[in-house]
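Shown next, in structure tokens, is the structure this report addresses.
These figures come from a predicted structure and were not determined experimentally.
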Amino acid sequence: MRTCYGGPSGGLWAVAQLRQVFAESHAVTVPESVSFDNYQELWGSKGQLLDTEDCRRDALAMLDRLDWWARALRRARAREPYTYSYPARAEE
């Protein structure tokens with residue numbers, strides 16, 4: 001799940017790098033995102049989001065995917081708990 005903001009890329013490059021960190025931690029990520037590109041132009045003077053339709057659509061897609069993964073992983077862990085041990089290192 002990604003929510004990011006920034007300039008023209010909306011912070012997506014930074015988030016892409018974080019996905020690698022999460023993968024190393026054995027975390028599941030979802031590709032859907034809510035991105036606020038050029039965020040300075042998306043907010044009104046009182047802090048309200050000006051274009052809520054795109055944000056709502058993206059957020060619903062992201063949350064639907066997150067819900068799917070949560071249910072799938074809950075069922076999988078009930079059948080077989082996840083364990084991980086780091087591989088033994090060769091003696092130096």
Side-chain angles (χ1 to χ4, degrees):
M1 181 167 72
R2 307 177 293 189
T3 303
C4 51
Y5 68 93
S9 72
L12 294 175
W13 294 113
V15 171
Q17 295 299 312
L18 285 174
R19 290 189 77 195
Q20 295 176 23
V21 173
F22 280 105
E24 288 296 317
S25 301
H26 298 255
V28 176
T29 62
V30 296
E32 290 78 12
S33 65
V34 179
S35 176
F36 298 104
D37 52 315
N38 294 317
Y39 69 96
Q40 304 90 331
E41 301 167 11
L42 299 176
W43 302 92
S45 61
K46 296 186 179 184
Q48 75 278 19
L49 184 60
L50 298 176
D51 182 9
T52 59
E53 189 56 38
D54 285 346
C55 181
R56 180 178 170 76
R57 182 196 64 233
D58 294 347
L60 288 174
M62 181 177 64
L63 293 171
D64 284 347
R65 180 68 63 187
L66 180 63
D67 179 60
W68 186 92
W69 273 108
R71 288 182 283 113
L73 291 172
R74 187 177 300 120
R75 288 190 301 267
R77 284 191 302 265
R79 280 194 307 270
E80 181 181 342
Y82 180 80
T83 58
Y84 179 79
S85 57
Y86 288 96
R89 292 184 180 202
E91 295 296 321
E92 293 182 16

Exercise. Shortest non-hydrogen contact from Arg19 to Val30?
Worked result: NH2-C, 4.3 Å

Exercise. What is the minimum heavy-atom distance between Met62 and Glu32, and which atoms define it?
Worked result: CA-CB, 3.7 Å

For this session: Tell me, please, which residues at least two apart from Trp43 pass ring pair (Phe, Tyr, Trp, His ring centres under 6.0 Å).
Result: Phe36

Exercise. Salt bridge (Lys or Arg N to Asp or Glu O under 4.0 Å): which pairs involve residues 69-79, sequence neighbours left out?
Worked result: Asp67-Arg71

Problem set entry | Any residue meeting side chain to side chain donor-acceptor pair (under 3.5 Å) with Arg57, in chain and number order, not counting sequence neighbours | Asp54

Problem set entry | Cluster check Phe22, Val34: I/L/V/M/F/W/Y, side chain < 4.5 angstrom | no

Exercise. Among all residues two or more places apart in sequence or in another chain, which pass the salt bridge (Lys or Arg N to Asp or Glu O under 4.0 Å) test with Arg56?
Worked result: none

Exercise. How would you list, by chain and number, every residue that makes a side chain to side chain contact (heavy atoms under 4.5 Å, CB included) with Gln48, sequence neighbours excluded?
Worked result: Lys46, Leu50

For this session: Give every residue pair that meets the ring pair (Phe, Tyr, Trp, His ring centres under 6.0 Å) criterion with at least one member in residues 45-79, sequence neighbours excluded.
Result: none

